[in-house]
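One structure below.
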Amino acid sequence: MQNATFPLNYFNSILTPVKMFRGRTQLTWSKIIFVILFLNGLMMIPIVLNYADEGSYNLKGTYPVLYDLVDEEVVTALNSNEPFFLTKENGVVAGGEDEATALEAENVIFFGETELLLQEKDLPLSRVTYTKHVDWGDSVESVRSEIGRQWYYMNRVFFVATYSFMIAGMLLLMNVLLVLGASFFMFLAGKYSEMEIDSFKESVNMILNAMGLPVLASLVIGLFLPEITSMMSIQSMGLVVMIVLLYFKTRFSEAFIQAEEDK
C-alpha cells in the first residue's frame, strides 16, 4: 500500500505514526494543495449541514428596525384575521390591503395573502412567499420567529452559500497557517538535529499526514457539535498528539524505526 497511487497512498499514510513518517515524500506540491483543500472540505461538512438544517433565523440580525416594529398590537391585528394598517414610530405594519400605500414608508412589514413583504431603509424590498404551513402564534416572539422562519426558507440557499463560503475561507486560512507553522518549526528542528527531514516539502507532507486522523475526528464530533471553534480545537490538539506520537514511535529517523522493527 505504501506505493499505492494518490489519493490512496495519502489515506494509507495517516494510519500509524510510522506510516506518517515514511509517507513524507509521497506528495508533490500540487497534491499537497489538494490535500489541504480536501481536509478543509471535510471540516466544512458539519458546518454546512448545520446551516442547511436551521429552521429559523433571528430577524434582528438583518432587519433590526422591522424586528422592533412587531409588538402586541401587531399580534392582536394578525389574529383578528381582518385587514389592518398600523403606523408605528419607525415604520408601518399592515396586512390584507393597501400594499402600495404601506410601501411608501421606509420601513414596512406587510402581511399579504400569499407573501410577506419586508422593506427596511437602505435594504432592497424582500418578497417572501409563504411556506405551506404558517403559524404566527399569539405572542410577539412567535410572530418574530415565524417571520424569521419564512424569510430563511426563502433565502436559505443564498444564506447557506454565503456563510459557508465565509467560514470556509476563514477555516482554510487557519489550516494553512497551522500546517505551514508546524512544518516550519519541524523543518528547523531537522536542520539542527538528527531528524531525517531533508526539505520543507517533506515537513509539510508529514504534518498533513499527521493531520489526517485529527480532521476525521473533528468531522465526526462536528456532526454532533457543529461549532467551528470546538472543531478547530480538536484538530489542533489532535495534531499535537500525533506529532508527539510521531516522535516516540519514529524519532523522525528511519534508523530508529528499523532498529525497533528488528527487536
Side-chain angles (χ1 to χ4, degrees), residues 7 10 30-70 103 106-112 114-136 141-180 208 211-212 214-236:
Y10 173 74
S30 60
K31 291 175 181 177
I32 284 173
I33 293 173
F34 177 85
V35 169
I36 291 175
L37 293 175
F38 174 72
L39 295 179
N40 198 74
L42 287 181
M43 292 190 66
M44 280 301 301
I45 291 175
I47 305 300
V48 174
L49 291 177
N50 180 59
Y51 280 131
D53 287 341
E54 286 286 343
S56 187
Y57 176 75
N58 188 350
L59 187 69
K60 195 170 185 177
T62 304
Y63 298 100
V65 176
L66 300 190
Y67 179 88
D68 291 333
L69 289 182
V70 180
L103 291 178
E106 284 187 336
N107 305 306
V108 180
I109 303 177
F110 185 83
F111 298 90
T114 60
E115 62 181 6
L116 173 70
L117 277 62
L118 303 175
Q119 178 174 281
E120 187 166 315
K121 183 180 179 181
D122 300 326
L123 293 175
L125 172 66
S126 179
R127 292 182 176 271
V128 180
T129 302
Y130 294 134
T131 59
K132 185 176 181 180
H133 301 289
V134 182
D135 182 9
W136 301 116
E141 286 305 316
S142 66
V143 172
R144 288 171 174 170
S145 177
E146 185 65 13
I147 292 175
R149 189 181 77 86
Q150 295 294 327
W151 182 90
Y152 178 79
Y153 271 89
M154 185 71 178
N155 297 277
R156 64 186 182 277
V157 174
F158 173 78
F159 180 83
V160 171
T162 300
Y163 276 78
S164 297
F165 180 79
M166 292 171 58
I167 294 177
M170 179 193 69
L171 186 60
L172 179 60
L173 177 61
M174 295 174 66
N175 278 331
V176 169
L177 292 176
L178 179 63
V179 170
L180 294 182
L208 285 178
M211 189 181 284
V215 167
L216 291 177
S218 178
L219 166 62
V220 173
I221 295 175
L223 293 174
F224 303 96
L225 184 66
E227 295 182 359
I228 191 65
T229 52
S230 300
M231 294 175 64
M232 281 299 299
S233 297
I234 293 167
Q235 180 201 31
S236 301

What are the two closest heavy atoms between [X] and [Y], and how far apart are they?
X: G222; Y: P46; result: O-CB, 3.2 Å
X: I47; Y: P226; result: CD1-O, 3.8 Å
X: T131; Y: R149; result: OG1-NH2, 3.3 Å
X: I147; Y: W136; result: CG1-CZ3, 3.7 Å
X: V128; Y: S126; result: CG2-OG, 3.6 Å
X: M232; Y: M43; result: SD-CE, 3.9 Å

Checklist entry - Any side-chain heavy atom of M231 within less than 4.5 Å of one from I221? => result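 Side-chain contact under 4.5 Å: no.
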Checklist entry - Would you call L118 and I109 a side-chain contact if the rule is heavy atoms closer than 4.5 Å? => result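 A side-chain contact exists here, since the closest heavy-atom pair is under 4.5 Å.
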Could you work out, with side chain to side chain contact (heavy atoms under 4.5 Å, CB included) as the rule, every residue matching [X], not counting sequence neighbours?
X: E120; result: Y63, P64, V65, L66, N107, L123
X: E115; result: L117, R127
X: T129; result: M154
X: I45; result: L42, L49, L219

Checklist entry - So L116 and F110, side-chain contact (heavy atoms from CB on, under 4.5 Å) or not? Walk me through it. => result CA-CA 6 Å; L116 173 70; F110 185 83; over 6 Å; no
About how many Å separate [atom2] of [Y] and [atom1] of [X], when rounded to the nearest 0.5 Å?
X: T62; Y: N155; atom1: OG1; atom2: CG; result: 8.5 Å
X: T114; Y: Y130; atom1: OG1; atom2: OH; result: 7.5 Å
X: Y67; Y: R144; atom1: OH; atom2: CZ; result: 4.0 Å
X: L59; Y: W151; atom1: CG; atom2: CH2; result: 8.5 Å

Considering only distance and modelled atom types, tabulate donor-acceptor pairs under 3.5 Å from the side chains of residues 159-174, sequence neighbours left out.
| unit_1 | atom_1 | unit_2 | atom_2 | d |
| --- | --- | --- | --- | --- |
| T162 | OG1 | F158 | O | 2.8 |
| S164 | OG | V160 | O | 2.6 |

Next on the checklist: Applying side-chain hydrogen bond (donor to acceptor under 3.5 Å, both in side chains) as the test, list every pair that has at least one member in residues 168-180; sequence neighbours left out.
Outcome noted: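 Every pair satisfying side-chain hydrogen bond (donor to acceptor under 3.5 Å, both in side chains) with a residue in residues 168-180: N40-N175, N175-Q235.
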Checklist entry - Has the side chain of S218 got a donor or acceptor atom that lies under 3.5 Å from a matching backbone atom of I234? => result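 Judged by distance alone, no pair lies under 3.5 Å.
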